[in-house]
Amino acid sequence: MAKKSQRIKTIVDLKAAQEKEQLETLGEAQRKLAGMQAQVDNLKKYRQDYQDKFNRLGNAGANVGQLLEFRSFMDKLDTAIAGQEHALNQSKADLAIKRKIWETMHQRTQSLQKVYDSAVAVELKLESKREQSEQDERASRLGRNSSGNRDNAL
């Protein structure tokens, strides 16, 4: 039968592997969020550039058709930005959930690691006591044998 520490170590290893998988999932979610944030930022910058162009065109005296076309395109940009921001917010919420899951798994793994370390310490202490007891018993036997040999020599 395996020692208690060996059985616990198996569980610790399994939990550590699960924690690692969850950490990789968390990293992927963070990369996805960063990409989505960059998309939103780019869309907002593009919209601002387009707004500046629209303002210059309006100040220069553009015809109504051009202004309506610009306004229509800006409305589409606003809709796209709103959609991307909504997706970004969902991604942030998803990331928070994944982070919480990983933190919980990490804490469990750390707790199990402490239980394992404690079990190893107890086993080492017991092994040390057993070895000391065996050495004391051998020394006692040697002492009895040498005193018996001395009595025979006299």
Side-chain angles (χ1 to χ4, degrees), residues 1-140:
M1 185 171 166
K3 290 182 177 181
K4 180 180 179 180
S5 64
Q6 291 170 329
R7 293 188 310 266
I8 294 171
K9 181 65 173 163
T10 302
I11 296 169
V12 170
D13 291 344
L14 289 171
K15 290 295 181 185
Q18 290 172 347
E19 177 190 340
K20 182 181 177 189
E21 287 175 21
Q22 192 59 43
L23 185 60
E24 290 170 359
T25 301
L26 178 62
E28 181 59 36
Q30 287 175 327
R31 285 187 291 279
K32 179 182 174 186
L33 181 66
M36 291 178 82
Q37 183 65 57
Q39 283 180 329
V40 168
D41 292 345
N42 287 337
L43 276 173
K44 286 181 176 181
K45 183 182 180 315
Y46 182 71
R47 191 214 180 277
Q48 185 58 49
D49 291 346
Y50 206 77
Q51 178 70 46
D52 294 343
K53 186 176 179 182
F54 175 74
N55 291 341
R56 283 192 305 274
L57 186 64
N59 291 338
N63 67 40
V64 174
Q66 287 177 312
L67 293 176
L68 288 175
E69 195 175 307
F70 262 87
R71 188 71 237 155
S72 173
F73 185 69
M74 287 181 58
D75 288 343
K76 289 178 184 175
L77 276 176
D78 289 340
T79 302
I81 289 170
Q84 286 294 317
E85 285 178 330
H86 179 71
L88 180 66
N89 289 334
Q90 286 179 325
S91 192
K92 285 178 182 178
D94 182 51
L95 179 65
I97 291 168
K98 286 181 168 123
R99 179 174 283 120
K100 185 66 178 163
I101 290 170
W102 173 78
E103 287 172 351
T104 301
M105 291 183 95
H106 180 68
Q107 290 169 352
R108 286 181 187 156
T109 302
Q110 294 301 311
S111 295
L112 282 170
Q113 184 65 44
K114 288 178 184 177
V115 170
Y116 167 74
D117 292 343
S118 176
V120 167
V122 167
E123 288 171 1
L124 288 174
K125 188 174 180 181
L126 288 173
E127 181 66 21
S128 177
K129 280 184 178 181
R130 186 188 59 76
E131 287 175 2
Q132 184 63 47
S133 177
E134 287 175 2
Q135 288 175 359
D136 290 349
E137 189 177 316
R138 275 194 294 267
S140 173

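Between Met105 and Gln22, the shortest heavy-atom distance links the atoms SD-CB, 3.7 Å.
Within the 4.5 Å cutoff, the side chain of Arg7 has no heavy atoms near those of the Ile11 side chain.
Scanning for salt bridge (charged side-chain N to carboxylate O under 4.0 Å, His left out) contacts around Lys129 gives an empty result, with sequence neighbours left out. With sequence neighbours excluded, the residues that form a side-chain contact (heavy atoms from CB on, under 4.5 Å) with Gln110 are His106. Under the side-chain contact (heavy atoms from CB on, under 4.5 Å) criterion, Gln84 pairs with Gln39, Val40, Leu43, not counting sequence neighbours. In this structure Asp41 satisfies the side-chain hydrogen bond (donor to acceptor under 3.5 Å, both in side chains) test together with Gln37, sequence neighbours excluded.
In this structure, the side chain of Asn59 engages the main chain of Asn55 through a donor-acceptor pair within 3.5 Å. Under the 3.5 Å distance criterion, the side-chain polar atoms of Thr104 are matched with a main-chain donor or acceptor of Lys100. The backbone N or O of Ala87 lies less than 3.5 Å from no partner atom in the side chain of Ser91, so there is not a single donor-acceptor pair.
The number of heavy-atom neighbours closer than 6.0 Å to NZ of Lys15, taken from other residues, nucleotides and ligands shown, is 12 or below.
For the ring-ring contact (aromatic ring centres under 6.0 Å, His included) condition, no pair includes a residue of residues 114-139, sequence neighbours left out.
Residue Gln113 holds its CD atom at 8.5 Å from CG of Asp13, rounded to the nearest 0.5 Å. Put simply, CG on Leu23 and CD on Glu28 are 12.0 Å apart, with the number rounded to the nearest 0.5 Å. Atom CG of Leu126 sits about 9.5 Å away from atom NZ of Lys3, to the nearest 0.5 Å. Rounded to the nearest 0.5 angstrom, Ile97 CD1 and Leu26 CG are separated by 12.0 Å. Interatomic distance, Glu24 CD to Lys98 NZ, rounded to the nearest 0.5 Å: 13.5 Å. Distance check: Glu19 CD to Glu103 CD gives 11.0 Å after rounding to the nearest 0.5 Å.
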- In sequence, state the C-alpha distance, the side-chain angles, and the governing distance for Lys44 and Glu85, and then conclude on side-chain contact (heavy atoms from CB on, under 4.5 Å). CA-CA 10 Å; Lys44 286 181 176 181; Glu85 285 178 330; 2.7 Å; yes
- Given side-chain contact (heavy atoms from CB on, under 4.5 Å), test Glu137 with Glu134 step by step and report yes or no. CA-CA 5 Å; Glu137 189 177 316; Glu134 287 175 2; 5.6 Å; no
- Message: Using the rule given for salt bridge (Lys or Arg N to Asp or Glu O under 4.0 Å), can you reason through Asp49 versus Lys45, listing the C-alpha separation, both sets of side-chain angles and the distance that settles it, and then say yes or no?
- Response: CA-CA 6 Å; Asp49 291 346; Lys45 183 182 180 315; 3.2 Å; yes
Donor-acceptor list for residues 67-79 side chains, cut-off 3.5 Å, not counting sequence neighbours:
unit_1	atom_1	unit_2	atom_2	d
Arg71	NH2	Asp75	OD1	3.1
Asp78	OD1	Arg47	NE	2.3
Asp78	OD1	Arg47	NH2	3.4
Asp78	OD2	Arg47	NH2	3.3
Thr79	OG1	Asp75	O	3.0

